[in-house]
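Here's the structure we're looking at; comments come further down.
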Amino acid sequence: MKRLIIGYLAAGVAFCGLRWADLALWTDHASGLVTAGPVWARYAVLAVFAAAALVAGRAAAGSPAPLRTRQWAAAVPALAGTFLCVAGGILGLIQAAGVAAVASSILLLACGGWLGWLGFAWVAGGGRRPSAWLGVAGTLLFVWQILNSFMTNGSSWYRTIPTSAVWQQLSALLFLTALLRVLCLPAQTSGRAVGGYGLLAFCLCFCWQLPRCVLLGAGFSGWALAAIGLLGGVCALLCAAAEPHPGASHAAG
């Protein structure tokens, strides 16, 4: 079933290219408004890829046991996210103007702490169980951002970047919560949630976000979101069920 995940990751690269072209050619960089074609076509394509992520990730899922062992492939994006979150949190505290900005910076640091624990655990191996409180603190950033988006986002549907931001934050929250669950509950034997939400985060937080970061510029938190999306894709691949042996059915008979 790993081939199904690999196929989706490859399709995600093409999706990222489409989003790149859309932002580069048919989006006004100053206002963020779509300048050509129907905006609903963008959301329709995004919806198709997001739905495919959930279906493919859950259908191909196997055991989450590999996530409890040494995994360098997962450690790299996790540690990258750690650096970006911590740098963004420190810079935010220095420049903070108001309680909301301070809260966002503190939560960004907490998210960096959680990603850092994951990264070092995957480097060291040994299957150490994380503190549930650390994991919860690390995901509160996205709860806050979702609430903040609903309270302050007055953008038009034709500005796809701020409009889709809440979906990105929700996908990151779902993925990190699913990851926390399988790491804190050793008896958890299904990787369906990590597989589905991991690919969803890869779609929304990496493929959709990366072109924005490069073409329009993004702060540390924007790049951290892309790192979390990449981590989602890696975790979905690690949790994918092994391909059945060609001779398994004959051996069983």
Side-chain angles (χ1 to χ4, degrees), residues 67 74-122 128-155 161-185 193-194 197-198 200-210 212-213 216-235:
L67 297 177
V76 172
L79 292 176
T82 299
F83 168 77
L84 293 165
C85 285
V86 171
I90 293 174
L91 183 63
L93 286 175
I94 294 173
Q95 300 176 341
V99 176
V102 171
S104 294
S105 299
I106 292 174
L107 291 175
L108 197 57
L109 290 172
C111 185
W114 169 230
L115 292 175
W117 188 96
L118 290 173
F120 285 115
W122 280 321
R128 293 181 300 164
R129 192 187 307 184
S131 164
W133 288 108
L134 176 62
V136 170
T139 59
L140 283 177
L141 169 67
F142 300 101
V143 176
W144 167 257
Q145 288 184 339
I146 290 170
L147 294 174
N148 192 52
S149 293
F150 279 117
M151 290 186 293
T152 63
N153 185 6
S155 67
I161 294 173
T163 300
S164 60
V166 66
W167 306 333
Q168 294 177 294
Q169 293 145 9
L170 180 59
S171 67
L173 174 63
L174 290 171
F175 162 60
L176 291 178
T177 301
L179 187 58
L180 175 64
R181 179 179 174 84
V182 299
L183 293 177
C184 287
L185 300 176
V194 173
Y197 295 140
L200 183 64
F202 175 76
C203 170
L204 282 160
C205 300
F206 183 76
C207 299
W208 185 263
Q209 174 74 3
L210 183 62
R212 179 265 173 103
C213 291
L216 304 182
F220 288 114
S221 60
W223 282 100
L225 191 65
I228 291 171
L230 183 58
L231 176 62
V234 172
C235 288

Contacts of type side chain to side chain contact (heavy atoms under 4.5 Å, CB included), residue [X], not counting sequence neighbours:
{"X": "Phe220", "value": "Leu84, Ala87, Leu91"}
{"X": "Ala74", "value": "Gln71, Trp122, Leu231, Val234, Leu238"}
{"X": "Leu216", "value": "Leu23, His29, Ile161, Arg212"}

Problem - Residues forming a side chain to side chain donor-acceptor pair (under 3.5 Å) with Gln169, sequence neighbours excluded - result: Ser149
Completion exercise
Residues at least two apart in sequence or cross-chain that pass side chain to side chain donor-acceptor pair (under 3.5 Å) with Trp114, listed by chain then number, are none
Fill in the blank from the handout: By ring-ring contact (aromatic ring centres under 6.0 Å, His included), Trp167 pairs with (sequence neighbours left out) Tyr43
Practice task
Please identify each residue that fulfils ring-ring contact (aromatic ring centres under 6.0 Å, His included) with Phe206, with sequence neighbours left out.
Solution key: Phe202
If you measure from [atom1] on [X] to [atom2] on [Y], what distance do you get to the nearest 0.5 Å?
{"X": "Trp208", "Y": "Ser164", "atom1": "CH2", "atom2": "OG", "value": "5.5 Å"}
{"X": "Leu115", "Y": "Cys85", "atom1": "CG", "atom2": "SG", "value": "5.5 Å"}
{"X": "Gln168", "Y": "Thr163", "atom1": "CD", "atom2": "OG1", "value": "11.0 Å"}
{"X": "Leu107", "Y": "Leu141", "atom1": "CG", "atom2": "CG", "value": "6.0 Å"}
{"X": "Leu176", "Y": "Phe142", "atom1": "CG", "atom2": "CZ", "value": "5.5 Å"}
{"X": "Leu118", "Y": "Leu179", "atom1": "CG", "atom2": "CG", "value": "5.5 Å"}

Is the closest side-chain heavy-atom distance between [X] and [Y] below 4.5 Å?
{"X": "Leu204", "Y": "Gln209", "result": "no"}
{"X": "Phe175", "Y": "Leu200", "result": "no"}
{"X": "Leu67", "Y": "Val194", "result": "yes"}
{"X": "Ser171", "Y": "Cys205", "result": "yes"}

Exercise for the section: Go through the steps for Trp117 and Thr82 under the test side chain to side chain contact (heavy atoms under 4.5 Å, CB included), then give the verdict. Expected result: CA-CA 9 Å; Trp117 188 96; Thr82 299; over 6 Å; no
Exercise for the section: If a pair satisfies side chain to side chain donor-acceptor pair (under 3.5 Å) and one of its residues is in residues 102-113, list it, with sequence neighbours excluded. Expected result: Ser104-Trp144
Practice task
For residues Ile228 and Cys111, report the shortest heavy-atom separation together with the two atoms involved.
Solution key: CD1-SG, 4.4 Å
Handout entry: Which atom of Val86 lies closest to which atom of Gly112, heavy atoms considered
Key = CG2-CA, 4.3 Å
Handout entry: Intermediate values then yes/no, side chain to side chain contact (heavy atoms under 4.5 Å, CB included), Leu230 and Val76
Key = CA-CA 10 Å; Leu230 183 58; Val76 172; over 6 Å; no
